[in-house]
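Take a look at the structure set out below.
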Amino acid sequence: NIPIQDIKNYLQNRNLENFEQIIQEKAKECDRVIAETEKLKTSLQLSLKAIEKIRQTRLDQIQLNFQEEKLLYLSEFLSENMTMRDRIKILSRHNQTAFSPKHFKELTTGWIVNKEDFFTEKFNKTQQFFTPVSPSFSKKHSFTRPAGLYLTLRFEGTYYQKISAAFSKIENFMQRNHLNAMSDVYVFPLKNHWITEDLKTYINQISFQVESTDDMPTEPPQD
């Protein structure tokens with residue numbers, strides 16, 4: 001697999017040093033091919049991991065768990081008077097950077113709803129788009145979501161059709177367990193139009209940081 005022209009050049013000037021050079025260059029080329037193949041394999045493994053996560057998803061069950069800090073890549077802010085065309089442009093620019101060949105993602109892009117808007121039932125007011133990224137991802141719009149206690153709910157169906165019912169469940173859970181929201185709300189599609197044509201089988205995840213209003217909780221959270 002050494003190019004014919006390289007062989008021809010070598011035959012015109014054969015010596016130990018030139019022979020070593022042509023072999024070393026071919027070895028470097030092999031290393032590049034191996035690195036690219038390993039990157040591709042990692043991407044495929046991430047996709048398989050995401051598929052398995054979808055299959056194991058527990059629906060309609062509110063979970064409280066401690067989550068480590070996570071680096072997110074954020075889009076530009078969206079304004080209320082922005083047209084759908086402008087929103088799509090912002091999302092497109094965001095994805096072009098977030099999903100570059102050097103930064104393949106296990107997860108897709110979600111959106112952020114301001115805490116005050118969400119808890120006054122203004123569910124459609126998207127503030128920004130976000131994509132979880134690795135620590136090696138270095139862009140000016142990166143944001144470190146802090147570690148802490150997070151409430152998470154996953155439900156089947158589209159966000160806009162199911163969010164009212166999901167909100168009622170979340171609100172009741174927080175009241176019973178004396179919880180306050182501490183962050184904006186992260187909406188994340190685990191299963192969407194890229195995977196299924198059936199809107200009823202979409203899976204969305206809502207997650208936000210919470211804190212207990214009780215100094216000493218006396219019983220575990222109640223679902």
Side-chain angles (χ1 to χ4, degrees), residues 35-36 38-58 62-79 82 86-119 123 125-155 159 163 166 170 179-195 202-212:
E36 288 298 321
E38 288 290 345
K39 185 187 300 182
L40 176 58
K41 183 178 179 181
T42 298
S43 298
L44 297 173
Q45 289 172 334
L46 288 173
S47 293
L48 291 171
K49 183 178 179 181
I51 291 170
E52 188 60 27
K53 184 175 182 179
I54 291 171
R55 287 195 173 127
Q56 295 180 357
T57 291
R58 299 168 61 186
I62 293 179
Q63 300 180 50
L64 283 178
N65 52 57
F66 179 84
Q67 297 184 21
E68 301 288 348
E69 67 177 31
K70 182 177 294 185
L71 186 65
L72 307 176
Y73 176 60
L74 304 181
S75 74
E76 306 164 43
F77 279 97
L78 307 178
S79 62
M82 189 174 285
D86 289 336
R87 287 170 176 259
I88 291 174
K89 285 182 178 179
I90 288 177
L91 177 59
S92 177
R93 286 196 296 268
H94 172 84
N95 284 339
Q96 284 178 354
T97 301
F99 293 89
S100 68
K102 294 182 179 179
H103 296 93
F104 183 87
K105 301 296 173 293
E106 172 191 351
L107 303 171
T108 185
T109 293
W111 61 95
I112 300 172
V113 180
N114 177 270
K115 178 177 68 174
E116 285 71 26
D117 287 335
F118 186 83
F119 285 97
F123 306 125
K125 296 182 69 174
T126 300
Q127 178 174 285
Q128 286 175 287
F129 298 110
F130 75 93
T131 306
V133 292
S134 66
S136 62
F137 188 89
S138 178
K139 298 293 179 181
K140 65 178 181 179
H141 292 297
S142 295
F143 163 74
T144 300
R145 194 192 70 170
L149 183 66
Y150 282 80
L151 181 152
T152 301
L153 173 64
R154 295 169 182 166
F155 57 90
Y159 171 79
I163 185 56
I170 289 172
L179 298 171
N180 277 339
M182 296 294 294
S183 72
D184 290 333
V185 177
Y186 299 90
V187 183
F188 203 79
L190 297 176
K191 184 180 178 183
N192 59 10
H193 59 280
W194 292 112
I195 298 177
Y202 280 24
I203 297 177
N204 287 284
Q205 172 182 289
I206 295 175
S207 181
F208 54 92
Q209 189 175 8
V210 295
E211 69 171 359
S212 174

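When a residue number appears, it is its place in the shown sequence, counting from 1. Keep in mind that the numbers below use all heavy atoms, side chains included, and drop hydrogens, waters and symmetry copies. Note that this is a predicted model, so its numbers are computed, not measured.
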Side chains of Ile62 and Thr152: does their closest heavy-atom pair fall under 4.5 Å?
no
Once you round to the nearest 0.5 Å, how far does CD of Gln128 lie from CG of Leu72?
10.0 Å
At what distance, to the nearest 0.5 angstrom, does CZ of Phe118 lie from CZ of Phe123?
5.5 Å
Ring geometry between Phe129 and His94 (parallel below 30°, tilted from 30 to 60°, perpendicular above 60°):
tilted
Say whether, by atom type as modelled, one donor and one acceptor occur between the side chain of Asn180 and the main chain of Glu211 under 3.5 angstrom.
no
Quick one, Glu76 and Arg93 - any side-chain contact, counting heavy atoms below 4.5 Å?
yes
I'd like to know whether CD of Glu52 has more than 12 heavy-atom contacts from other residues, nucleotides or ligands below 6.0 angstrom.
yes
Please assess Leu78 against Gln127 for the test side-chain contact (heavy atoms from CB on, under 4.5 Å), listing each intermediate value before the final yes or no.
CA-CA 5 Å; Leu78 307 178; Gln127 178 174 285; over 6 Å; no
Taking Glu68 for its side chain and Ala147 for its backbone only, find out whether a donor-acceptor pair lies under 3.5 Å.
no
Under a 3.5 Å distance rule, please check whether Thr42 uses its side chain to pair with a backbone N or O of Glu38 as donor and acceptor.
yes
Aromatic ring pairing Tyr202/His193, orientation class (parallel under 30°, perpendicular over 60°, tilted between)
tilted
Between Ser183 (side chain) and Gln209 (backbone), is there a donor-acceptor pair under 3.5 Å?
yes
Check whether NZ of the Lys or CZ of the Arg Arg145 lies under 6.0 Å from the centre of the six-membered ring of Tyr150 and within 45 degrees of that ring's axis.
yes
